[in-house]
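Below you'll find the structure, written out as structure tokens, and then a few comments.
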Amino acid sequence: MDRLANACVTINNANRNRKRAVLIKGLSRVTREFLEAMLRHNYIASLTYVDDHRQGKALVGLNGRLNRCGAVCPRYDVTMQEIERYREGILPARQFGHLIFTTSKGIMDHNECLAVRTGGKILGFFY
């Protein structure tokens with residue numbers, strides 16, 4: 001599993017056990033951007049980075065709004081026309097949850113991709 005998948009499994013396990021905070025080890029740039037997208041959409045309460053002079057750690061505060069997050073492996077190429085099909089297949093309902101894509105214009109969710117009219121590689125989801 002990659003670092004993003006490990007972070008999502010750690011968050012899901014802590015959320016299932018009703019923890020208020022979780023420490024994620026082994027961060028990458030993609031994992032940081034994914035966590036910041038979760039914070040931007042208010043699915044996590046707080047995000048604090050700990051510099052340990054290695055790969056880094058993140059202390060994530062959970063607020064109980066998150067049902068599930070996950071990484072999509074392998075990272076499929078998705079065109080703008082296919083975004084709706086992936087959204088229907090991964091997310092549980094319309095207007096509920098977010099798909100995260102990495103594009104040439106940065107890491108963004110599926111609504112931003114449709115607004116900018118671009119596709120990319122799918123990273124993961126949360127709802």
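Here the structure is a predicted model, which means the values were calculated and not measured.
- What you find for G70 and F34 is that their closest heavy atoms are O-CZ, 4.1 Å.
- Of the candidates V72, I100, T31, L123 forms a side-chain contact (heavy atoms from CB on, under 4.5 Å) with just one, namely I100.
- Within the model, atoms OH of Y43 and CD1 of I11 stand 13.5 Å from one another, a figure rounded to the nearest 0.5 Å.
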**Message:** For E36 and I107: C-alpha separation, side-chain torsions, deciding distance, then whether side-chain contact (heavy atoms from CB on, under 4.5 Å) applies.
**Reply:** CA-CA 10 Å; E36 288 169 4; I107 293 178; over 6 Å; no
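- Of all heavy-atom pairs spanning L47 and L39, the tightest one is CB-CD2, 4.0 Å.
- The CD1 atom of I83 lies 9.5 Å from the CG atom of N111; values are rounded to the nearest 0.5 Å.
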**Asked** Can R94 and E84 be said to form a salt bridge (charged side-chain N to carboxylate O under 4.0 Å, His left out), step by step?
**Response** CA-CA 10 Å; R94 288 187 63 84; E84 193 66 23; 3.0 Å; yes
**Request:** Could you go through the side-chain contact (heavy atoms from CB on, under 4.5 Å) check for F126 and H41 one step at a time?
**Result:** CA-CA 10 Å; F126 54 87; H41 294 290; 4.0 Å; yes
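- Under a 3.5 Å cut-off, the side chain of N17 and the backbone N or O of K19 do not form any donor-acceptor pair.
- C69 and N12 make their closest contact through O-ND2, 2.6 Å (heavy atoms, listed as atom of the first residue, atom of the second, distance).
- Residues satisfying the side-chain hydrogen bond (donor to acceptor under 3.5 Å, both in side chains) test with K121, not counting sequence neighbours, are D77.
- In this structure, CZ in F125 is found 4.5 Å from CZ in R68, a value given to the nearest 0.5 Å.
- With contacts defined as side-chain heavy-atom distances shorter than 4.5 Å, the pair I122/I90 qualifies.
- Hydrophobic clustering of Ile, Leu, Val, Met, Phe, Trp and Tyr side chains at less than 4.5 Å, counting indirect connections, keeps I44 apart from M108.
- Taking CZ of R29 as the reference point, atom CZ of R3 lies at 12.5 Å (rounded to 0.5 Å).
- Taking the side chain as every heavy atom from C-beta outward, R40 and D109 never approach each other to under 4.5 Å.
- Atom CG of N15 is separated from atom CG of N63 by 8.5 Å, given to the nearest 0.5 angstrom.
- Note on L99 and L66: separate hydrophobic clusters, where clusters join Ile, Leu, Val, Met, Phe, Trp and Tyr whose side-chain heavy atoms are under 4.5 Å apart, directly or indirectly.
- Note on F101 and Y76: same hydrophobic cluster, where clusters join Ile, Leu, Val, Met, Phe, Trp and Tyr whose side-chain heavy atoms are under 4.5 Å apart, directly or indirectly.
- Looking at every heavy atom in both residues, Y49 comes nearest to A58 through CD2-CB, 4.1 Å.
- Here the straight-line distance linking atom CG of L4 with atom CZ of R75 works out to 6.0 Å at 0.5 Å rounding.
- Between M80 and R117, the shortest heavy-atom distance links the atoms SD-CA, 3.3 Å.
- Here the closest heavy-atom approach between residue G119 and residue T103 is recorded as O-CG2, 3.2 Å.
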